Amino acid sequence: MEHTRTRVGQGYELLRQGRIDDAARLAAGLQLASPDDVHALVFAGEVAVARGAFEDAVEPMLRAIAASGGDDALRIKLAGLYLHLRRRHDARALALEVAASAQLRGDGRSLWQAASIITNCNRPDDAIAPYRQALALLGAQPGLLYDLAVAQFFTGDFDEAETHLDRMLALAPQAGHALYLRSTLRRQTVERNHVDALRGRIAAGLGRPEWTAAAWYALAKELEDLGQHADAFNALDTGARLQRQALQYDIQAECDAQAAIRAAYSAETTQAPAADPDQPGPIFIVGMPRTGTTLVERILVQGGQVKSAGEPLDLGQLIATHTRAVQVRHPELSAAEASLRIDFGALGREYTRGVAEAADAPRFIDKLPVNYMYCGSIGRALPNARIIHLERDPLDSCYAVYKTLFFNAYHCSYDLDELARYYLAYRQTMAHWHAVMPGAILDVRYEDVVADPDGQARRVLEWCGLPWDPDAAYGSAPAAATFTTASAAQVREPVHARSVGSSRRHLHRLAPLVERLASGGIRVD
């Protein structure tokens, strides 16, 4: 036993040195010599992961769990592996088992880890109970309070979320991400806001640049709620500059990638197999963020005929994985060219299995806006899919993006010129899809939805082959609905037109963006 552990330690050193083949040979030898040793089995799983053979890691991990008598730490590790493999049902089921076991043992750390897995399976509603149990056992820990607040934000329990964020900020007053989330939970009022507190925290210093940027974004949001629009834009501009300085980002590379996709996907190469009318496919809602995508998602889920998978990254990740496999065989091809040689049937099946599990339904909505780049691939891999493209007034659209802190997404959003360049690339890409895939995409204007919610709801539901629901367009979101998006608070309000034209308050401040849009043929009135 001691000899095996020593050899396993040597194996991990091989992995740290990048000697994966040597580690694999050692793992194979250890399994032959000690087939039921937990440490050897876990090491074999780690080697498989290091080789990128994630499916091959499952079997030794299952054996290690059995040999350990059901160790919860190993079950959490396996649940994380299932999550990586998009086996969300397996990941969630295993995490729920761990949560039940950990509650009996009084293990708050395992409860917290299990709840995180469940949240990442697109089920924050199921994660709240284990988060609460972990909180009771571990006490008020900032990270745990934040994770619980995020789950409550997604499920619409905004008052409880704010309570937990207040507790967190009492312990970690410099946590800018918590300050920003707290400010987005509700519309701030003169009687109830955090403006003075935010200014005080900013003046005292928050330490990390990204937390300082987040505090400025929080202040901008609250000042806008209070109607102090000039001060709000000043705060926003400061936060955006700080956030941009912290990023390594190349807007030209982003635009070039979209141009390469447009060049590769012609009318001929986007030809899709015939769709089976008896097999309805997934619904994609695409476009720029903050254009009403979550509002249309709400219209679709309101009738109970289709469920949301949230904003899964599966499609882009699978396309990238399959494309890299083609490039290994054909290194002379660019990524866009190589993607045309994907087995699109296999891609579609793999995507559907994983995302249907995220929605826990055979027919689902994928609301990741950036999937607009992959409309050609969607048509080939999922010929039964319905694609809905949200449009919005260009300046309102860009301003809504600019004033949102996305953290790890949309790096273009923190500089007005870069944002305008990205927007122009997006418009070119969508125009291209309409040209090469005529009739395959339904354009829906945000302004039309808020002006005529009933008419647009009928139009969207008909496009998706869903029955008319008179409640779809009106009222707030169902109490039990979960929206794993930055718009989780706004989408629960009744449909309104407050933000239509709101960018015009700042026309002179948005001048660099307006000028760049005009250079691309988009004039702002």
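Side-chain atoms are counted along with the backbone in the values below, which use heavy atoms only and exclude waters and symmetry mates. From a predicted model like this one, the values you see are computed outputs, not experimental measurements.
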Salt bridge Glu162-Arg182, side-chain N to carboxylate O under 4.0 Å: no
Does this structure show an ion pair linking Glu222 with Arg199, if we count only N-O contacts that are shorter than 4.0 Å? no
Testing the basics here: between Ala215 and Leu206, what is the closest heavy-atom pair and its distance to 0.1 Å? CB-CD2, 3.9 Å
List the steps and the verdict of side-chain contact (heavy atoms from CB on, under 4.5 Å) for Met61 and Lys77. CA-CA 8 Å; Met61 287 302 303; Lys77 185 182 287 286; 3.6 Å; yes
Please find the pair of heavy atoms, one from Thr212 and one from Gly207, that lie closest to each other, and give the distance. OG1-N, 4.5 Å
Counting distance only, does the side-chain N/O of Arg504 pair as donor-acceptor with the main-chain N or O of Asp525 below 3.5 Å? yes
Within the 4.5 Å heavy-atom criterion, are Thr238 and Leu219 side-chain neighbours or not? no
Interatomic distance, OH@Tyr422 vs OG@Ser413, rounded to 0.5 Å, equals 10.0 Å
Backbone of Glu160 reached by a side-chain donor or acceptor of His164 within 3.5 Å: yes
At their closest point, which heavy atom of Arg86 faces which heavy atom of Arg353, and how far apart are they? O-NH1, 3.0 Å
Going through the checks in order, is the side-chain contact (heavy atoms from CB on, under 4.5 Å) test met by Leu94 and Leu78? CA-CA 8 Å; Leu94 193 54; Leu78 178 58; 3.8 Å; yes
Can you find a pair of side-chain heavy atoms, one from Leu300 and one from Cys464, that are under 4.5 Å apart? yes
Tell me which one of Leu368, Val370, Ile378 satisfies side chain to side chain contact (heavy atoms under 4.5 Å, CB included) with Leu315. Ile378
Just by distance, with hydrogens left out, do Arg186 and Gln188 show a side-chain donor and acceptor under 3.5 Å apart? yes
Decide yes or no on side-chain contact (heavy atoms from CB on, under 4.5 Å) for Ile128 and Asp157, but give the supporting numbers first. CA-CA 11 Å; Ile128 289 174; Asp157 192 353; 5.8 Å; no
Return the CG to CG distance between Leu517 and Leu424, rounded to the nearest 0.5 Å. 5.5 Å
Is Glu224 salt-bridged to Lys221, going by a charged N under 4.0 Å from an acidic O? no
Heavy-atom nearest pair, Val190 first then Asn193, reads O-ND2, 3.2 Å
Should the pair Phe153 and Phe158 be assigned to parallel (<30°), tilted (30 to 60°) or perpendicular (>60°) ring geometry? tilted
Do the ring planes of Tyr249 and His411 sit parallel (below 30°), tilted (30 to 60°) or perpendicular (above 60°)? perpendicular
Would a 4.5 Å heavy-atom cut-off, applied to side chains only, mark Pro130 and Leu111 as touching? yes
Side chain to side chain, Cys375 and Thr429, heavy atoms closer than 4.5 Å: no
With a 4.0 Å cut-off, would you call Arg445 and Asp393 a salt bridge? no
Test your reading of the model: is there a side-chain donor-acceptor pair from Arg201 to the backbone of Pro173, 3.5 Å cut-off? yes
Could you state the interatomic distance from CG (Leu198) to CH2 (Trp216), rounded to the nearest 0.5 Å? 10.0 Å
Are Phe407 and His177 an aromatic pair by the rule of ring centers under 6.0 Å? no
Treating Ser499 as the side-chain partner and Ser502 as the backbone partner, does any N or O pair qualify as donor plus acceptor under 3.5 Å? no
Quick one, Glu13 with Arg16, criterion salt bridge (charged side-chain N to carboxylate O under 4.0 Å, His left out). Give me CA distance, side-chain angles, the key distance, then yes/no. CA-CA 5 Å; Glu13 181 58 33; Arg16 281 190 286 273; 3.1 Å; yes
Measure from the side-chain N and O atoms of Arg392 to the backbone N and O of Arg290, and report whether any donor-acceptor pair falls under 3.5 Å. yes
Any side-chain heavy-atom pair of Asp360 and Arg123 under 4.5 Å: yes
Within the structure provided, determine whether Gln141 and Trp112 are in side-chain contact (heavy-atom separation under 4.5 Å). yes
Is the backbone of Phe284 close enough, under 3.5 Å, to the side chain of Asp366 for a donor and an acceptor to pair up by distance? no
Hey, could you give me the CD/CZ distance between Glu391 and Arg427, rounded to the nearest 0.5 Å? 6.5 Å
Side chain of Ser101, backbone of Glu97: donor and acceptor closer than 3.5 Å? no
Look up atom OG in Ser308 and atom CD1 in Ile285, then write down how far apart they are to the nearest 0.5 Å. 7.5 Å
Report yes if some heavy atom in the side chain of Thr119 is under 4.5 Å from a heavy atom in the side chain of Val150; otherwise report no. no
Do you know the tightest heavy-atom contact between Ala409 and Tyr414? O-OH, 4.1 Å
Do any N or O atoms from the side chain of Asp452 and from the backbone of Asp448 form a donor-acceptor pair under 3.5 angstrom? no
Between the side chain of Thr293 and the main-chain N/O of Pro289, is any donor-acceptor distance below 3.5 Å? no
Closest non-hydrogen contact found for Thr323 with Ala335 is CG2-O, 3.3 Å
With side-chain contact (heavy atoms from CB on, under 4.5 Å) as the criterion, how do Tyr146 and Leu181 come out once you've worked through the C-alpha distance, each side chain's angles and the decisive distance to 0.1 Å? CA-CA 9 Å; Tyr146 183 78; Leu181 177 59; 3.9 Å; yes
If you count every heavy atom of other residues, nucleotides or ligands that lies below 6.0 Å from Arg523 atom CZ, does the total exceed 12? no
Are the side chain of Arg132 and the backbone N or O of Leu148 linked by a donor-acceptor pair below 3.5 Å? no
Considering only heavy atoms from C-beta outward, does the side chain of Phe364 approach that of Ile283 to under 4.5 Å? no
Pair Asn234-Arg509, side-chain donor/acceptor within less than 3.5 Å: yes
Please round to the nearest 0.5 Å and tell me the distance separating atom CD1 of Ile441 and atom CD1 of Ile387. 5.0 Å
Any chance the rings of Tyr426 and His389 have centres within less than 6.0 Å? yes
